[in-house]
Amino acid sequence: MGTSRRAGAKTLRRAVRLTPAQRLYALGGLLLVALAICSCNFGDRGGPYFMASLTVAGVAYLLAVRELLAGPQFPRHVVVIGLVLAAAWQVAFLRLPAGPDDDIHRYVWDGHLQGLGYNPYLVVPNDPAAKALHTPETRNLNNPDLPSPYPPGAQFFFRAVAAIHESTFALKVAFVLCGWAIAFLVLDVLHSERRGAHLVLAYAWNPLLVIEVAGSGHIDIVGALLVVISVAALLRRWRAIASVALGLAVAVKFLPIVLVPLYWKRVRIRDVALAVGVVGLLYVPFLDRGHVPTGSLGTYVQSFRFNGPVFAMLYRVAPPQLLVGLAVGVGLAVAIWIRRKSAGLSSEVFAWPMAASLLFAPVVFPWYLLWLVPFVTSSSLLIVVWTVSIIPTYIMWHFRTLGRAWGTLPVWVMAVEYGCVVVAAVVIGVRRRSDYSTQPKES
């Protein structure tokens, strides 16, 4: 009798055991519910309901990535359904208005100014002389006492969208379209590297993508798109396109400049010259008496601080300009090391120089990691973990609604964020060492 019961229980467990595809569907459904709740509480970003639902979404995402990396080749319909789910929760956020002080209001302002013939690097939003230039969506922009800090590549994007429609919604739609363009390019890269198409869901399901693209709307996704275009072109040996795309990415934000060593001997001198020429031309319309415009970039370096523990420690002994140079230098050093180490080209290496540079940066907002998200399909789990462990930093937005000034994050927030990355690094290191020790030794 006991034997038959045990056999029956074993048969039942086998019957209810879920397949990898079924587990992935379940996690996708959990993500959909959690992010739907998160969207309903988007007005109180960082509040208890927002944080709880986003944390659940983050855990579900990590479990989904585990399934994607450990599982077999998933059927095409699983990928299609996964992408449909991603579109569903993006629509939930896209319909929401941007936050009152989100950067997207500055984007509308910059595009609006250019349409009126003004230079966004010279006009200060709260200047009384500029009062008549404002629209209802630009009166709430953040840091109104500073001109624009965004490079010319970003400015042209703002102007292009404003020419179609001047609104935060139009910009969010444009950003979401850029995010989907990345998804299709990631599929192309996966095909080129002979990896499973299902890995695109590691990108499409990342919670940062919906919060910071469909929700808040950040220009970083445009730069990330250009980097992925460059990588895809480089894999196909379209060297001129790869060079120009990287140059345009740097013209959106300066972070991907640390990737330059990865292009050494992979592009020609004339390709580099073409890229430099294109970027130089972007600056021409904004020149002020022959001077290259920087807007409020200097103020950003000198004064802005958020979620940068390494910078905060070094700031006690070195000036901020030197430390920003150090952040760039670290990224370049990582890229040089990678280039010397491997002769072959793989998309997985492109995230590391940018991640290293961000680690030393004075400011690490959650949307800065959008530059890394397209590469979570191939890069180490450390980057995957970081895109989730950064979630606690949203608590600062909730603090602002309570009347607290923008400032230093609680110690526990950064302890959780970077502690999770350290723990993941240790686990990965131990596993690799264990795998190496169990390999048969050559006689």
Side-chain angles (χ1 to χ4, degrees), residues 16-36 56-92 176-214 221 224-225 227-229 231-232 234-236 344-352 369-388 424 428 431:
V16 300
R17 184 177 296 170
L18 298 177
T19 66
Q22 290 172 333
R23 289 196 295 270
L24 197 62
Y25 286 146
L27 291 169
L30 180 58
L31 264 168
L32 181 61
V33 173
L35 290 173
V56 171
V59 173
Y61 169 71
L62 291 176
L63 293 174
V65 169
R66 180 186 177 187
E67 291 293 333
L68 291 167
L69 295 178
Q73 287 276 356
F74 286 86
R76 181 175 297 181
H77 69 269
V78 174
V79 179
V80 172
I81 293 173
L83 292 177
V84 169
L85 284 172
W89 59 63
Q90 285 189 358
V91 169
V176 168
L177 291 176
C178 288
W180 280 101
I182 290 176
F184 290 111
L185 283 167
V186 167
L187 283 170
D188 180 73
V189 170
L190 290 171
H191 177 74
S192 298
E193 297 181 334
R194 298 181 179 180
R195 292 185 290 134
H198 63 279
L199 292 174
V200 71
L201 297 182
Y203 160 77
W205 283 13
N206 192 286
L208 280 185
L209 198 64
V210 64
I211 298 295
E212 298 301 347
V213 178
I221 196 66
L225 170 60
V227 171
V228 177
I229 290 173
V231 173
L234 202 60
L235 287 170
R236 292 178 176 271
L345 178 62
S346 172
S347 62
E348 68 180 6
V349 302
F350 283 82
W352 289 108
L369 300 195
L370 289 175
W371 294 89
L372 311 181
V373 172
F375 302 101
V376 297
T377 61
S378 55
S379 294
S380 168
L381 286 176
L382 292 181
I383 291 176
V384 176
V385 169
W386 194 10
T387 64
V388 173
I428 292 171
R431 285 187 175 180

For Val78 and Ala21, work out which heavy atoms get closest and say how close. CG2-CB, 4.1 Å

Straight-line distance of Tyr203 OH to Leu208 CG, nearest 0.5 Å: 11.5 Å

Could you check if a side-chain atom of Trp352 sits within less than 4.5 angstrom of a side-chain atom of Leu382, using non-hydrogen atoms only? yes

Here the pair of heavy atoms bringing Val384 nearest to Thr387 is O-OG1, 2.7 Å

How far does CG of Leu209 sit from CH2 of Trp180, to the nearest 0.5 angstrom? 8.5 Å

Separation between CD (Gln22) and CD (Glu67), nearest 0.5 Å, reads 11.0 Å

Aromatic plane relationship, Tyr25 with His77 - under 30° parallel, 30 to 60° tilted, over 60° perpendicular: tilted

May I ask you to test the Thr377-Glu348 pair for a side-chain heavy-atom distance under 4.5 Å? no

Validation row: Ile229, Leu185 side chains within 4.5 angstrom (heavy atoms): yes

Taking side chain as C-beta onward, heavy atoms only, is Trp386 less than 4.5 Å from Leu369? yes

Minimum-distance pair of heavy atoms, taken over all atoms of Leu370 and Ile221: CD1-N, 4.3 Å

For side chain to side chain contact (heavy atoms under 4.5 Å, CB included), just list the numbers for Val376 and Leu199, CA-CA rounded to whole Å, side-chain angles, deciding distance to a tenth of an Å, and then say yes or no. CA-CA 9 Å; Val376 297; Leu199 292 174; over 6 Å; no

I'd like to know if the side chain of Glu193 reaches the main chain of Leu190, judged simply by a donor and an acceptor atom lying under 3.5 Å from each other, with no hydrogens or angles considered. no

OG/Ser192 to CG/Leu234 distance, rounded to the nearest 0.5 angstrom? 11.5 Å

Restricting to non-hydrogen atoms, name the atom on Val231 and the atom on Ser347 that form the minimum distance, rounded to 0.1 Å. CG1-CB, 4.0 Å

Report the distance from atom CG of Leu27 to atom CG of Leu32, rounding to the nearest 0.5 Å. 12.5 Å

Would you indicate whether the side-chain heavy atoms of Asp188 and Phe184 approach each other to under 4.5 Å? no

Can you find a pair of side-chain heavy atoms, one from Trp89 and one from Trp205, that are under 4.5 Å apart? yes

If we only count heavy atoms from C-beta on, is the Val388 to Val59 side-chain gap below 4.5 Å? no

What's the shortest heavy-atom distance between Ala57 and Leu31, and which atoms? O-CD2, 3.3 Å

In this structure, CG of Leu85 is separated from CG of Leu24 (nearest 0.5 Å) by 9.0 Å

Would you please name every residue forming a side-chain contact (heavy atoms from CB on, under 4.5 Å) with Val79, sequence neighbours left out? Leu83, His198, Val200

Which heavy atom of Ala224 sits nearest to which heavy atom of Pro374, and what is that distance? CB-CG, 4.2 Å

Go through the structure and list residues passing side-chain contact (heavy atoms from CB on, under 4.5 Å) with Leu30, not counting sequence neighbours. Val56, Ala60

Side-chain heavy atoms of Leu235 within contact of Val189, under 4.5 Å: yes

Tyr61 side chain to Ala202 backbone, donor-acceptor under 3.5 Å: yes

